[in-house]
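Note on naming: letters A, B, ... go to the chains in the order of the sequence lines (proteins, then strands), and numbering restarts at 1 for each one.
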Amino acid sequence: MSEDQRRFFRGFGVPFSQMFKRVTTEQYPEDKRPTQPRYHGRHQLNRYADGLEKCIGCELCAWACPADAIYVEGADNTEVERFSPGERYGRVYQINYLRCVFCGLCIEACPTRALTMTNEYELADDTRAALIYEKHDLLGPMLTGMAAPPHAMVPGTTDTDYYLGNITHAVATQVGEAEARRLGTWTGPRDDEEVTA
Amino acid sequence: MTITTPGVSPVTVTSGITLSVDGVDITVPKGTLVIRAAEQLGVEIPRFCDHPLLAPVAACRMCLVEIEGQPKPQPACAVTVAEGMKVRTQVTSELAEQAQQGVMEFLLINHPLDCPVCDKGGECPLQNQALSHGRAESRFTGVKRTFPKPINVSAQILLDRERCVSCARCTRFADEIAGDPFIDLLERGAKQQVGTSSDQPFDSYFSGNTVQICPVGALTSAKYRFRSRPFDLISTPTVCEHCASGCGLRTDVRRSTVLRRLAWDEPAVNEEWNCDKGRFAFGYAAEGRLTHPMVRDESGELVVASWPEAMSIAAAGLRRAGSRTAVLTGGRLTLEDAYSYSKFARSVLGTDDVDFRSRPSSAEEIEFLAALVAGKPVGPTYAELESAPVVVLAGLDAEDESPMVFLRLRKGARLTGVKVFTVAPFASAGVAKVNGRVLTAVPGAEAAVLDSLADEVSGARDENRLEAARLLREPGAVLLVGERLAQSPGALSAAARVAKATGAALGWVPRRAGERGALDAGAIAGLLPGGRPITSDAARREAAAVWGVDPASLPGSPGRDLGAVVAAVNADTKAIAAAAKPSDVVRSVQALLIGGVEANDLADPAAFVAALDAVPFLVSLEQRHSEVTARADVVLPVAAVAEKAGTFLDWEGRPREFAQVFREALTLSDSRVLAMLAAELDASFGRGDIASVRGELASFGSWHGDRAQAPGHAPPEAPSVGSDEVVLATWRQLLDRGLLQEGDPFLGATARAGVARISAARATLLAVATGEAVTISTATGSITLPALVTTMPDDVVWLPANSDGSNPRVTLGAGHGDIVRISGGVV
Ligand code: SF4
Ligand code: FES
């Protein structure tokens with residue numbers, strides 16, 4: 001064998017030896033693998049166990065964000081419509097995934113653990129608007145025992161009880177209110193009446 | 001000079017006191033507080049209760065420093081400097097640093113972790129100083145105090161008591177500055193809290209300032225609560241459009257919406273304060289705005305049109321009317337816009353029928369303004385009010401009509417002993433708060449009272465008048481006249497006589513922000529810009545040179561004011577109706593060009609509306625729908641203050657320039673619209689942009705030629721008042737049903753309730769007590785309000801001019817000085 005031929009076969013030796021090693025290629029999207037548990041994926045706005053939102057609209061996440069990807073507007077919970085325990089809730093909540101760098105500083109900043117990150121990484125789309133996630137895109141799912149806000153707090157509790165985790169599920173009055181509002185049969189205060197907190 | 005005693009005017013001091021702060025020597029005037037001396041060296045001692053405009057209390061103890069020779073750390077905000085004093089602050093003294101950290105730890109013991117939901121977060125002195133001067137770890141493990149939260153100390157001011165650090169800034173402000181001590185520190189120890197008395201909410205015209213100076217988030221406003229964070233806001237320094245005080249403000253905008261306005265630091269004008277109207281009433285500019293030009297179609301309906309179409313229709317109508325057009329502008333225009341109307345009227349239309357006074361006014365007032373106010377240099381000033389031996393107010397309720405004048409007078413009365421007299425029927429709340437004394441004048445008799453001050457000081461007269469007359473002759477004395485004097489015949493002449501006889505400085509305090517500017521811009525019959533009389537050839541030549549027109553083309557004799565224009569239109573209408581051949585009657589007013597006039601502001605709203613209906617052609621430049629736009633042939637939308645740059649001249653005559661808040665605004669200023677109209681009329685006018693208008697105004701310079709003589713009208717005979725009749729006294733309260741306060745429910749809820757003030761004797765006569773209904777009526781209508789028995793002349797009743805249930809102009813067809821009937825109960 002000439003020197004040239006030897007070089008030729010030695011070159012093929014690399015791919016040949018690889019054929020017997022474990023393959024690391026993933027067959028995405030046919031085959032989806034779980035990420036590491038702490039992977040920084042899409043955000044989620046969490047709920048308390050009775051369905052009320054944890055977000056208080058404080059904007060600390062927006063403040064912490066180095067990419068200016070988050071936009072929040074706070075508002076007052078009222079007798080008419082309550083979305084979170086306490087006085088204040090996040091009326092507008094947007095995350096712009098064209099800007100987000102998934103650093104997680106917003107999660108660190110959140111004082112109520114309202115904002116956490118999921119492992120979801122499938123964040124691609126073909127318009128800008130579609131990549132600005134609104135509050136309803138980000139809110140966590142309604143789990144068993146929850147009632148969809150707006151509805152009142154568990155009677156006799158304070159926002160501190162919520163914060164300390166003393167609320168375990170929506171009580172009957174809350175479920176009733178949520179259901180009545182859904183069906184349009186709600187007879188309590190409505191926003192066409194002038195009632196404020 | 002003393003920086004420390006709040007409010008005392010700077011006086012030059014030759015000798016100083018030398019002390020050392022952190023080893024650096026500094027010489028400061030006697031009486032300076034240690035905290036200020038340190039500031040001058042760039043050493044910032046942490047503080048909460050200290051405020052340069054409030055008296056020291058040393059309530060918070062945050063500013064502790066070490067002073068050599070003192071056994072314990074001392075509060076730098078309450079200790080005045082002494083010769084040779086050696087001060088060591090936290091910068092060089094461990095003791096001071098430890099003391100400050102200890103105080104901070106105590107303050108935080110009961111301070112809730114509310115920062116995420118607190119409006120102050122991000123601009124909070126407590127947050128900032130806890131980081132810079134506190135310990136990283138708290139040793140407190142107990143339970144913090146809590147209170148039900150928040151409570152309303154007034155409809156618009158909310159209080160979260162657990163956040164309070166008991167610095168007493170708010171209570172000191174209310175007590176010292178505003179004179180409305182409706183909030184105070186209650187309870188003691190850990191329970192200490194700010195509170196109101198149960199029957200008196202914190203309804204002060206100045207309550208918003210407490211939100212701004214609270215060093216924590218304990219006081220917040222209902223309007224701004226939860227709306228934003230400081231980093232969301234784009235701030236622009238602006239000037240308030242609500243009155244002629246000229247307050248410097250900061251306007252904060254988030255996403256093209258004004259979210260709040262703050263008082264800005266303007267030592268020569270508003271110091272660091274403003275009134276609640278200026279702070280909270282800005283919603284009007286966001287609601288119900290005109291967005292497109294409109295013209296009348298064949299069926300007479302107003303329909304949206306394009307700018308070019310609207311412009312050509314407006315131009316055609318104005319070309320037809322030519323110099324038979326009258327130009328009426330409201331009192332809220334900027335100097336630049338008022339100037340453009342003034343120029344448009346004279347150089348484009350060739351008319352002198354111009355008037356900016358969309359309120360009851362008189363010809364005597366024009367004479368007065370032309371002789372003594374228009375184009376005059378700045379003064380008297382706020383500083384002069386503060387150091388004057390006496391300030392006499394005539395036809396002016398400072399608290400209601402120019403709140404910063406009121407605050408200055410109060411400061412002067414409190415700290416430098418300024419004596420205040422007011423020519424009025426009674427002592428209003430604002431007069432009491434400046435220790436003012438009343439020179440009692442039944443409406444209409446102001447001239448007589450003023451004239452008695454001009455006389456030689458002698459004779460057996462009322463003691464207050466004697467003292468006022470004497471003090472007015474001292475150097476620095478000030479006489480302030482309000483726009484209401486125009487409704488009292490002879491009063492402005494008398495004011496001019498008093499000023500001349502006594503040598504007192506004369507100030508004219510209109511209510512609206514644009515009036516002084518409009519006057520100086522010549523938006524009034526008979527005056528060209530800068531107070532130039534239109535009858536003067538030299539003045540016309542100067543104006544023509546700036547405007548690039550032939551002096552002969554400018555009108556040479558004074559035109560008609562608003563009242564005369566309206567009367568002329570209505571007289572022509574009558575003549576046409578009576579004429580056998582209506583086409584023979586040529587109207588003397590063929591078109592009206594109106595910018596920002598509200599019918600209900602005028603002396604005779606009905607006559608004005610009739611004139612609007614009758615005039616052949618009506619062009620309206622407006623921000624919102626009004627009675628004028630409803631009747632206009634062409635409506636052209638214009639920019640609100642936040643959408644344009646401009647200048648207001650405050651009552652002193654001081655130019656208060658401001659920048660455009662919304663740089664992306666699509667609206668055009670009045671000046672730009674008039675420039676476009678002029679172009680459509682083939683007139684040379686310029687572009688009407690802010691820079692060129694300001695340039696033109698500057699090139700006018702001041703007028704040194706002749707001026708009109710001050711008016712010398714004699715006061716009229718006192719009218720005879722029947723036994724069931726009284727003379728009406730009335731003015732607009734600061735917070736009322738004004739159009740620019742629309743859309744601000746929290747502010748509206750703090751307005752003073754409407755009352756009818758009557759004397760005790762009148763109340764006995766009518767058999768009513770305070771709180772019971774009295775009815776005031778004329779042939780036109782009647783107003784029923786609860787009575788408030790007041791020390792005042794028996795033949796006078798006072799009603800608010802534009803409050804809930806009380807608009808005498810509209811309901812009674814009567815104004816200040818008119819005779820009305822009065823009876824007890826509801827009629
Ligand atoms: S409410 Fe604010 S300003 Fe008033 S005493 Fe408390 S901390 Fe000071
Ligand atoms: S700032 Fe000196 S005691 Fe409060």
Scan residues 193-216 of chain B for pairs that pass salt bridge (Lys or Arg N to Asp or Glu O under 4.0 Å), counting only residues two or more places apart or in two chains.
none
Within the structure provided, determine whether B/Phe202 and B/Thr196 are in side-chain contact (heavy-atom separation under 4.5 Å).
yes
Under a 3.5 Å distance rule, please check whether B/Asn152 uses its side chain to pair with a backbone N or O of B/Ser154 as donor and acceptor.
yes
With sequence neighbours left out, what residues match A/Arg128 under salt bridge (charged side-chain N to carboxylate O under 4.0 Å, His left out)?
none
Check for me whether B/Lys277 meets the cation-pi criterion with B/Phe282, that is, NZ or CZ under 6.0 Å from the six-membered ring centre and within 45 degrees of the ring axis.
no
Proximal component of B/Asp160, with respect to chain A [non-hydrogen, under 4.5 Å]
side chain
Heavy-atom contacts under 4.5 Å, residues 89-125 of chain A to chain B:
A/Gln94, A/Pro111
Indicate yes or no for a side-chain donor-acceptor contact from A/Ser84 to the backbone of A/Arg88 under 3.5 Å, with no hydrogens or angles considered.
yes
Pick from B/Cys118, B/Gly122, B/Ser228 with the largest number of heavy-atom pairs that fall under 4.5 Å of chain A
B/Gly122
Atom of B/Leu249, atom of B/Gly278 and distance for their closest heavy-atom approach:
CD1-O, 3.8 Å
Counting only N and O atoms by type, is there a donor-acceptor contact under 3.5 Å from the side chain of B/Lys120 to the main-chain atoms of B/Pro215?
no
For chain B, which residues from residues 39-62 of chain A have at least one heavy atom closer than 4.5 Å to it?
A/Ile56, A/Cys58, A/Glu59, A/Leu60, A/Ala62
Can you give me the closest heavy-atom contact between B/Pro150 and B/Arg225, atom names plus distance?
CG-NH2, 3.5 Å
Looking at B/Phe147, does the NZ or CZ of B/Arg163 lie under 6.0 angstrom from its six-membered ring centre and within 45 degrees of the ring axis?
no
